[in-house]
Amino acid sequence: MALVLTEEQTMLRDAAKDFLGSRAPVLHLRQLRDDEETQGFSRELWTEMAEMGWAAIIIPETYGGLDYGYTGLGLVLEESGRTLTPSPLISTALLSSSALILSGNDGLCEQWLSQIATGEKLLSLAFEESAQHRPASVTTQAVSEGDGYRLSGTKLGVMNGNSADAFIVTARTRLSDDPCEGVSLFLLPANADGVKIETTQLLDNHRSSTVRLDGVFVSSDQLMGPLHDGYPILKKTLDRGRIGIAAEMLGVAQESFDRTLQYLKERKQFGVPIGSFQALQHRAATLFGEIELCKSVVLKALQAVDENSDDIALLASLAKAKCGQTAKLATAEGIQMHGGIGMTDEFDIGFFIKHWRALNQQLGDSRFHLERFARLRAY
Amino acid sequence: MALVLTEEQTMLRDAAKDFLGSRAPVLHLRQLRDDEETQGFSRELWTEMAEMGWAAIIIPETYGGLDYGYTGLGLVLEESGRTLTPSPLISTALLSSSALILSGNDGLCEQWLSQIATGEKLLSLAFEESAQHRPASVTTQAVSEGDGYRLSGTKLGVMNGNSADAFIVTARTRLSDDPCEGVSLFLLPANADGVKIETTQLLDNHRSSTVRLDGVFVSSDQLMGPLHDGYPILKKTLDRGRIGIAAEMLGVAQESFDRTLQYLKERKQFGVPIGSFQALQHRAATLFGEIELCKSVVLKALQAVDENSDDIALLASLAKAKCGQTAKLATAEGIQMHGGIGMTDEFDIGFFIKHWRALNQQLGDSRFHLERFARLRAY
Amino acid sequence: MSTDPNMFRLEVREWLDTNCPEEMRSPMSSEKDACWGGRNFIFQSEAQRLWLHRMGEKGWTAPDWPKEYGGGGLNREQLKILNQEMKRINARPALYSFGISMLGPALLKYGNEAQKLTYLPAIIRGEIRWAQGYSEPNAGSDLANLQAPAVDKGDHYLLNGSKIWTSYGDVGDWMFCLVRTDPDASKHQGISFMLFDLKTPGITVRPIKLISGRSPFCEVFFEDVKIPREQQVGELNKGWSIAKYLLTHEREMISWTGLSRTGSDSVSKTATQVIGKTGDKLDDAILRADIVRFEVDEMAFALTIERARDEVKAGVSLGAVSSWFKFFGTELNKQRYNLLMDIHGSEALAWSGEASDDGKLARDWLRTKGNSIEGGTSEIQLNIVAKHILGLPG
Amino acid sequence: MSTDPNMFRLEVREWLDTNCPEEMRSPMSSEKDACWGGRNFIFQSEAQRLWLHRMGEKGWTAPDWPKEYGGGGLNREQLKILNQEMKRINARPALYSFGISMLGPALLKYGNEAQKLTYLPAIIRGEIRWAQGYSEPNAGSDLANLQAPAVDKGDHYLLNGSKIWTSYGDVGDWMFCLVRTDPDASKHQGISFMLFDLKTPGITVRPIKLISGRSPFCEVFFEDVKIPREQQVGELNKGWSIAKYLLTHEREMISWTGLSRTGSDSVSKTATQVIGKTGDKLDDAILRADIVRFEVDEMAFALTIERARDEVKAGVSLGAVSSWFKFFGTELNKQRYNLLMDIHGSEALAWSGEASDDGKLARDWLRTKGNSIEGGTSEIQLNIVAKHILGLPG
């Protein structure tokens, strides 16, 4: 596939840009924060986003979706990175939908995907058990009991955990020397007995929850994918999520850079625009190039998912690592080049570095993916 | 000890600067190269350097030395790095003398140190067995025979191997699970039966030899230090060598930077000196700071040796790593900032990057010492 | 006091023994323990009040200032002895004061006799807490581009405009301030240095919230503020010399930031505790490579500060090199906090709640981003190094 | 030839089948296999001579140039087909030529009819090997600062001065050259573009030795060299336009350097072979961290080139972005060789001897240092990006 957008994709992106620019600019995030809205995003806005079709982009038509592919969703994520719009796009529309689709569990797909598509229901993945990203390290136990399982354990860093109607949970159903074996995936209603949710406000005003499972019963039909062999589904799901987060970080980097560039042209010091200083010019030019690199890796990775290529894992780590590094640089340069004003809460540029920090952490930070890139390349 | 030079040390450094500047500027290296002088250095000049006392700086007075300490030798090495003067300062005056002194073998010290001090005899360490620096990886065998040992094996990267009157050689006298155990040090005359020396011209025009030992007999009194336990002596010797090489790299970095700075002030482009371009100014200012860091670590490390501090190993790795990185940057910026002219052989700046490359490699490159720094700090 | 060093030491020891309250003989547990004095300050304890009072009366809050203005009048050697003796008993500083660290030296150099007699004793006794009025919203790195006009009205000036980045502007008593007294002169001319009470009518103070949350910084607005003529310091329109004198001072104070981890764990130790080791190596190979590069620089910087201190002791002046220290120290500190955030993973993302002490790590991390901006940006420091140390043109 | 694509393809296939000698149907084993043509060139084989002759006669050494000047006259689609068919049989390029890649397009755009008829056919047949005369010792990055004066003497110009960095100046036949024809005009005015035979009396050529050893670069000195008036191309004193046209061309050619490892092993593969692995990880943890950062950039750059090519196909012009490609590609290549040198340890230090192929790796490494200087320094490329893409002022 050529590394250019189709006309249709360009239209989707432009529509996303228009919608987010008018309905959910950075001011929207600021207001949510200042209003101390506890979900961290606007449910109303999510309904509108769902009406735009964004909750349904990757969902197959059979389940009420648009079946428009990951490249399309990636473009929307990139634009929502530009406006820092908080929403369940990643947690529900990307990660949970992917897990459901990949699980091949038709019953659960029918039950949930159509309601995700309309924006009515929200799901979140609950799989982390430490502050570091270690998806294979699952100590949550699922003990067989009657026509189901009893789950006990604690899940950390569950994105939008306090808004979720249900969780997709990893649990160990069989002990194994290989930590990737013996793990199963369950779909667990958030209101099930024994589920306790504690939610934390993050630095970017998103919400992350600790979900405690104290002998929670799930029936067998809530099992997603094969028993004992849910990890491959999780892994594929995470790679899709990583690529989506990379797309969002690209948007964060690009917008942070655009604003900084604008500032360099406007702000005068010593009688000239600060953008005429060569040291800043070279740094800006270097950053421009880094963002160009990100555009290529993100598009390639998104297309790889749509083509079901063999390189998804490698490209996911490439994209997550590279976009994480670049957005770090772009947002840090954003503050430094804005000077004192950039340090004030009144100014928007600081929101970008906060959101980068959270995105970079999720599903493995840059170093995690550098490590994985090397392993995938056998060194 | 205060991190400043004493008056006496300043005088020594000034004397070294005067001598090397007049007797052995970079032109001296160029002539040796163009004349295809096969030793890679001038024996005549070495005699003069010995007359200045430089071959005797660290040698105790009992063996005809000046007992002036490593800080003094480091200052001379720094200056010889500025002029890129090739000489056996590192291979003989620093490494071999250190090994002899540390070995505590009074007989060998008496025999050799006084002749090193006068510049009459040259020694080299022969301990590397691979292209990577792995001092504990010793496969050369020493088999006990009569009143001595028979040595077989191949030593690589022996500095000034073709000029040496004798080698200090590592050989395995006992097998052990710990590679650092069972290694002994021998002093081996270069003309002993079974010694074969093959010499290579290096990119900086220094000479490095492969020394093949084919059942070479050494008598027991040529054993330096305790039998089976020579590695600790080697290790201490290498740390002293690393600090000395760091001092020389500091000189390389400083001189390369000074010349580049001069060029930035003189060379005009677009009607102004190129040194007025802010991007180059910031790079120059950053490099200035890196060199300041190197000055501190080199002086601290040299003083640590003179004080026999517990931190010698950590400081040696700090100095070797930091000076290696800085000289890399300084010499690369040297060429880049000189532009096309810097790429020509006619101009001297290219000699600096070549010598940096060789120095950085010797006794472990920057990464080797970063790795070691982390290990010494227990992470 | 005695001029003989040994006698002096004994006298100091005795005086401290008698006068330093027991509660003041332990290291401060946090910034909150600092005594800033001034009319708005609420003493944490009677001991704190007493300690300031006694030290102020003795003149030892400014031990090397002349006795005639209430200072300690100590010479270099005596000052060293006083410091040693205070350290010996862990005596806390009796007073933190911009008056002592910044304004005082400027007054001693540029003030007239009346001004010295008016302000210096009050500074020494901790009666006035000073705020600094330099930066303006549109000046940025180009500090001399300040605009706030002070118009000569005979016995007073009339000040308008505003100042930004005034530390503790909301709790300070008086301000030392750069104002423009000649709008027609070139940028560096026409600036004057004035002192005034922040209670003067026409002054509004607004605290600035940073990306990390609350801050001591304020914006201060002036509307026809009357400044009596005698509160103008130094020559009229020559205030830029005083500003430069104070800035050099400030830069040297900030430059040691890079080593601010005193007392806390090293990055590598934190990493091994949080992430763990396999064998003897940290469990994250890439992070380990980044940490070792950082710690090599950190150690090299610490040694360079040690060397600089030794050189200063040996009589070498630090000069423009302080700009490089400021640059490198603040960049190191930013790196340190980037690494600490990375090490703590998702836990470091918390912004509120008890577990994270209201997101302390995240807020500290964000705060470090300002290190390379405040007190002269990194870019300005590199410009200074290029021009004043390396002698590059332009 | 047929205008129908399918027919054309068959005709090409048949012609190649008949005319491309067997020996020319395999990839070149080294640079030495390249055919440069010209009067000094020594053909390596009869097949090489024949292949150039036949392709030249056909006009397919310049397949899309107009037929009237001896070119192939192919349209875009036909050109693509010819390339595909040549690739299919591994046919080597019949001719490497600055005349075709650089001078030709400029002549087609700026030359007069007589010049086109004189030079283009000879270029196409590989009869003239061209050298470029742009840079001068004192010009550096400021290319327009060239001085070599060509004084109007009626039917000829008289040229003095010198040129530097002329590739293959010692084996070339003719030079295309920028000279100063109006010393009083502003820098970019007063430059003219001229062609002349390097055998013209008064020309001395001196090869330049680089830090890596021998090089194709030369310095060319002029002493009262007579250039006939009809060999001046384009408008007098307007040569800078031609120069700019050619430079853009050159930059795009150099920009792909970063990917020049085609056919050789990746850095990580070389590392694992030379240094070894423990378990599944390279035996040097710090090096591994550096390699993975490099390979991430390398892969991202490869994908960005792929994207740029796809965008060009989709009709987007590359424009000033080629400057960034040049910058990044050459920086990557320098990094690659730094890593390769590090990996090979002390073996990489050899400068002579058979074992090291006369220090090939060390020489290649040193040669890469010039990548970010030649064809416009990295600094110039970043300036161009800042000004022409980002629109920054100054």
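Hydrogens, waters and symmetry mates play no part in the numbers below; they use all other heavy atoms, side chains included. Remember, it's a predicted structure, so these values are computed and weren't measured experimentally. Just so it is clear: chains get the letters A, B, ... in the order the sequence lines come, proteins before strands, and each one is counted from 1.
- Of the two parts of Ser130(A), only the backbone, made up of N, CA, C and O, holds a non-hydrogen atom closer than 4.5 Å to a non-hydrogen atom of chain C.
- Applying side-chain contact (heavy atoms from CB on, under 4.5 Å) to Leu349(C) and the options Leu202(A), Asp204(A), Asn360(A) leaves one that passes, Leu202(A).
- Between chain A and the residues Met341(C), His344(C), Glu347(C), the largest count of heavy-atom pairs under 4.5 Å involves Met341(C).
- Residue Ser378(C) touches chain A through both its backbone and its side chain, counting heavy-atom pairs closer than 4.5 Å.
- The number of heavy atoms from other shown groups lying within 6.0 Å of CD (Glu36(A)) does not exceed 12.
- Contacts between Arg207(A) and chain C at a heavy-atom distance below 4.5 Å are absent for every atom of the residue.
- Residue contact with chain A, scored on non-hydrogen atoms closer than 4.5 Å, involves the side chain of Ile380(C) exclusively.
- Closest approach of Ile341(A) to Trp165(C), counting heavy atoms only: N-CZ2, 4.0 Å.
- Pairing each heavy atom of Ala285(C) with each of Glu371(A), the nearest pair is CB-OE1, 3.9 Å.
- Ranked by heavy-atom pairs under 4.5 Å with chain C, the first of Ala358(A), Gly340(A), Gly350(A) is Gly340(A).
- Remark: Arg214(C) does not engage Asp345(A) in a salt bridge, criterion side-chain N to carboxylate O under 4.0 Å.
- Using a 4.5 Å cut-off on side-chain heavy atoms (C-beta onward), Thr377(C) and Met337(A) make no contact.
- For the pair Glu379(C)/Phe277(A), no side-chain contact is recorded, criterion being any heavy-atom separation below 4.5 Å from C-beta on.
- Atom CG of residue Leu143(C) and atom CZ of residue Phe270(A) lie 9.0 Å apart, to the nearest 0.5 angstrom.
- Counting heavy-atom pairs closer than 4.5 Å to chain A, the top-ranked of the candidates Gly353(C), Ser356(C), Ser135(C), Ala350(C) is Ala350(C).
- Counting only distance, with no hydrogens or angles, the side chain of Gln269(A) and the backbone of Ala139(C) share a donor-acceptor pair below 3.5 Å.
- Rounding to the nearest 0.5 Å gives a distance of 10.5 Å between CE of Met159(A) and OG of Ser346(C).
- Interface residue Asn338(C): backbone and side-chain heavy atoms are both found under 4.5 Å from chain A.
- Scanning for salt bridge (charged side-chain N to carboxylate O under 4.0 Å, His left out) contacts around Lys369(C) gives an empty result, with sequence neighbours left out.
- Residue with the most contacts toward chain C among His206(A), Glu346(A), His133(A), Arg267(A): Arg267(A) (heavy-atom pairs, distance under 4.5 Å).
- Remark: Arg367(A) engages Asp342(C) in a salt bridge, criterion side-chain N to carboxylate O under 4.0 Å.
- With values rounded to the nearest 0.5 angstrom, Asp365(A) atom CG is found 10.5 Å from Ile286(C) atom CD1.
- How far CG of Asn205(A) is from OG of Ser352(C): 9.0 Å, rounded to the nearest 0.5 Å.
- Interface remark: Ile353(A) contributes backbone and side-chain atoms alike to the contact with chain C (heavy atom separation under 4.5 Å).
- At a 4.5 Å heavy-atom cutoff, the contact between Leu287(C) and chain A is made by backbone and side-chain atoms alike.
- Inspection of non-hydrogen atoms places Ala362(C), Trp365(C), Leu366(C), Arg367(C) of residues 360-368 of chain C under 4.5 Å from chain A.
- The contact between Ile275(C) and chain A is made by backbone and side chain atoms together, counting heavy-atom distances below 4.5 Å.
- Ranking Lys268(A), Lys328(A), Gln362(A), Glu128(A) against chain C, the residue ahead of the rest is Lys328(A), based on heavy-atom pairs under 4.5 Å.
- Of all heavy-atom pairs between Thr344(A) and Ile211(C), the closest is O-CG2, 3.8 Å.
- Heavy-atom pairs under 4.5 Å with chain A were tallied for Lys209(C), Lys334(C), Lys187(C); the largest tally goes to Lys209(C).
- Considering every non-hydrogen atom in both Ile373(C) and Ile335(A), the closest pair reads CD1-O, 3.8 Å.
- Within the 4.5 angstrom heavy-atom criterion, atoms from both the backbone and the side chain of Gln336(A) approach chain C.
- Among Leu382(C), Asn138(C), Asn383(C), the residue with the largest count of heavy-atom pairs under 4.5 Å with chain A is Asn138(C).
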